[in-house]
Amino acid sequence: MAQPLDLKRLKVFPLRERKSMSRIEDILINPDTSPPPCSEAIRRLLDQCARQILAARQRRASVLFLYGAHLVKNGAAALVERLMSRGWITHLATNGAGSIHDWEFAFQGGSTESVEDNVKTGTFGSWDETGRNIHLALLAGGLRSEGYGAALGRFIQEDGATLPAPEELQDVLRKEPAHPLSPARAELLCAMREHGLKPGRHDVRHPWKHTSIFAQAFRQGIPLTVHPGIGYDIISNHPMFNGAAIGRAADIDFRVFGQGVEGLDGGVVLSIGSAIMAPQVFEKSLSCVNNLRLQAGRNIVREHQIYVVDLQDGGNWDWTKGERPKVNPAY
């Protein structure tokens, strides 16, 4: 039987030693600047989308904003904050990479590394602060039954987290072993022992938190959910890697996202630069909501609009004909 890799033996490095390929001051787009020119066809779609969002909010329907990491890496955080602060978005969702770039920009004002240069030296993703602090946020948030997005948003906005004493965790685990929070308590206790996490306040300053979508969503009380994959993200390349903590937080977020889909009748879905997470998570969540509605004798989710912004042109397929056949190369 093959033995799993011992990730606790990984050597990690200070984040300041990494050559970060983008700086927040160089990429951040000012939402007050004039937008670049676009074709008349795109302009008509933009106008239609804006009208649909306005109508959705007037009827208090959901406007779901699903995005990939490149939205963050291309400096659109301030544009998203403007949409949030003016009430046009009711829910945000991203993948694990979207959370990592957001945190790194908030923490040190820079993100992104060279895959080509760093994989061959075993340093790709092996940055101590990124893996340590995102895990710290999730482990601390688990004690409050917070999902990935809320836990990380709180961590950035409040500049760190406070951990209980190990003895306190041990005592409550003995007294309430079957409590719903027992797994989260046990994971934190093990992490504190294995990685030398002290009880009390862990101050982690985020000088660029004003550029963080996570912090701004948390501050404004807008749900932001994260839908990661185990082994997809660089926080896997760290001795503190904890699939249980990540999975527990993502489990909560999938159910939170479903509540946004529940309010989607007459609403809008915006899928921005996410060719995998957005459609995959949305279709499963939509099916769950329709399943529960049909059991209750209700109509399925309907009359919502979906706008996709990505490099893929849809394969020149007429979607009114349904899904593309498997012989189509864009299938």
* Asked: Listed by chain and number, what are the side-chain hydrogen bond (donor to acceptor under 3.5 Å, both in side chains) partners of E303, not counting sequence neighbours?
  -> none
* Verify the cluster assignment for L66 and V301: are they in a single hydrophobic cluster under the rule of side-chain heavy atoms below 4.5 Å apart? => yes
* Structure fact -> Residue pairs meeting side-chain hydrogen bond (donor to acceptor under 3.5 Å, both in side chains), one or both in residues 14-23, sequence neighbours left out, come to R18-S20, R18-E104, S20-Q108, S22-T112
* Are the charged groups of R82 and D32 less than 4.0 angstrom apart, N to O? -> yes
* Asked: Side chains of Q295 and L292: closer than 4.5 Å at any heavy-atom pair?
  -> yes
* To do: Identify, with sequence neighbours excluded, every residue that meets side-chain hydrogen bond (donor to acceptor under 3.5 Å, both in side chains) alongside R193.
  => Q170
* Structure fact -> Q52 meets the side-chain hydrogen bond (donor to acceptor under 3.5 Å, both in side chains) criterion, sequence neighbours left out, with none
* Can you tell me if E25 and W208 form a side-chain donor-acceptor pair at under 3.5 Å? -> no
* Structure fact -> By salt bridge (charged side-chain N to carboxylate O under 4.0 Å, His left out), K8 pairs with (sequence neighbours left out) E194
* Structure fact -> Applying side chain to side chain contact (heavy atoms under 4.5 Å, CB included) to A150 and not counting sequence neighbours gives E146
* Asked: Between Q157 and Q216, is any side-chain donor less than 3.5 angstrom from a side-chain acceptor?
  -> no
* To do: Kindly write out the residues that satisfy salt bridge (charged side-chain N to carboxylate O under 4.0 Å, His left out) with D47, not counting sequence neighbours, or none if the list is empty.
  => none
* To do: Would you list the pairs meeting side-chain hydrogen bond (donor to acceptor under 3.5 Å, both in side chains) in which at least one residue belongs to residues 234-247, sequence neighbours left out?
  => D128-H238, E187-N242
* Asked: Who passes side-chain hydrogen bond (donor to acceptor under 3.5 Å, both in side chains) against S126, sequence neighbours left out?
  -> none
* Quick one: ring pair (Phe, Tyr, Trp, His ring centres under 6.0 Å) partners of H227, sequence neighbours excluded? -> F257
* Asked: Among all residues two or more places apart in sequence or in another chain, which pass the ring pair (Phe, Tyr, Trp, His ring centres under 6.0 Å) test with F155?
  -> H206
* With F107, which residues qualify under ring pair (Phe, Tyr, Trp, His ring centres under 6.0 Å), at least two apart? -> W103
* Asked: Any salt bridge between E158 and R219, counting N to O under 4.0 Å?
  -> no
